[in-house]
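In what follows, a structure is listed as structure tokens, so that the remarks can point back to it.
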Amino acid sequence: MSAPDPEAEFYSYFDDLYCKFWSHDVQEPAPEGRFKDKFYHYVKYRCSEVDDWKLDGGLGHLLSDFLEELAG
């Protein structure tokens, strides 16, 4: 039996939050194209900066920061 893959587990966790964010919080379809992949890499980078992988606050604040960087 192989050990769990931490990155795969984090991506699954991110994916669940991402889907809930768009379907429940924003109530609009998620952006198409590579947006999700780019946002995932941004979230992963930000989590690694503070060594906190829980995303307890959801994705709203991180999405706001991500969009600010895209617009900057």
Side-chain angles (χ1 to χ4, degrees):
M1 180 176 225
S2 63
D5 179 1
E7 180 150 358
E9 286 184 22
F10 181 72
Y11 182 80
S12 178
Y13 179 50
F14 165 83
D15 187 49
D16 287 347
L17 288 177
Y18 184 83
C19 291
K20 287 177 187 173
F21 176 79
W22 289 103
S23 65
H24 295 159
D25 297 340
V26 179
Q27 297 182 354
E28 293 291 332
E32 294 183 10
R34 297 187 54 213
F35 182 86
K36 182 179 176 184
D37 290 336
K38 289 181 178 190
F39 183 48
Y40 170 71
H41 289 289
Y42 177 80
V43 169
K44 192 168 101 171
Y45 170 75
R46 289 286 302 271
C47 288
S48 71
E49 279 188 316
V50 295
D51 196 27
D52 182 359
W53 301 88
K54 296 179 190 129
L55 299 175
D56 289 334
L59 297 179
H61 183 72
L62 287 170
L63 179 62
S64 179
D65 291 349
F66 178 66
L67 293 174
E68 282 183 26
E69 286 194 25
L70 287 177

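Note that these values count all heavy atoms, side chains included, but never hydrogens, waters or copies made by symmetry.
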Which of parallel (below 30°), tilted (30 to 60°) and perpendicular (above 60°) describes Tyr42 and Phe66? tilted
So NE2 of His61 and OG of Ser64: to nearest 0.5 Å the spacing works out to 7.0 Å
Compare all side-chain heavy atoms of Asp25 with those of Leu59 and state whether any distance is below 4.5 angstrom. no
Tell me the closest heavy-atom pair linking Trp22 and Leu63, and the distance in Å. CZ2-CD2, 4.1 Å
Side chains of Pro6 and Trp53: does their closest heavy-atom pair fall under 4.5 Å? no
For a quick check under 3.5 Å, do Tyr11 and Glu7 share a side-chain donor-acceptor pair by atom type? no
Establish, yes or no, whether a centroid distance under 6.0 Å links the rings of Tyr40 and Tyr18. no
Evaluate the criterion side-chain hydrogen bond (donor to acceptor under 3.5 Å, both in side chains) for residue pair Glu49 and Tyr45; output intermediate values, then yes/no. CA-CA 6 Å; Glu49 279 188 316; Tyr45 170 75; 3.0 Å; yes
Tabulate below the donor-acceptor pairs under 3.5 Å that side-chain atoms of residues 29-36 make, not counting sequence neighbours, or state none.
| residue | atom | partner | partner atom | Å |
| --- | --- | --- | --- | --- |
| Lys36 | NZ | Asp15 | OD1 | 2.2 |

CZ of Arg46 to CG of Leu62: how many Å apart, nearest 0.5 Å? 5.5 Å
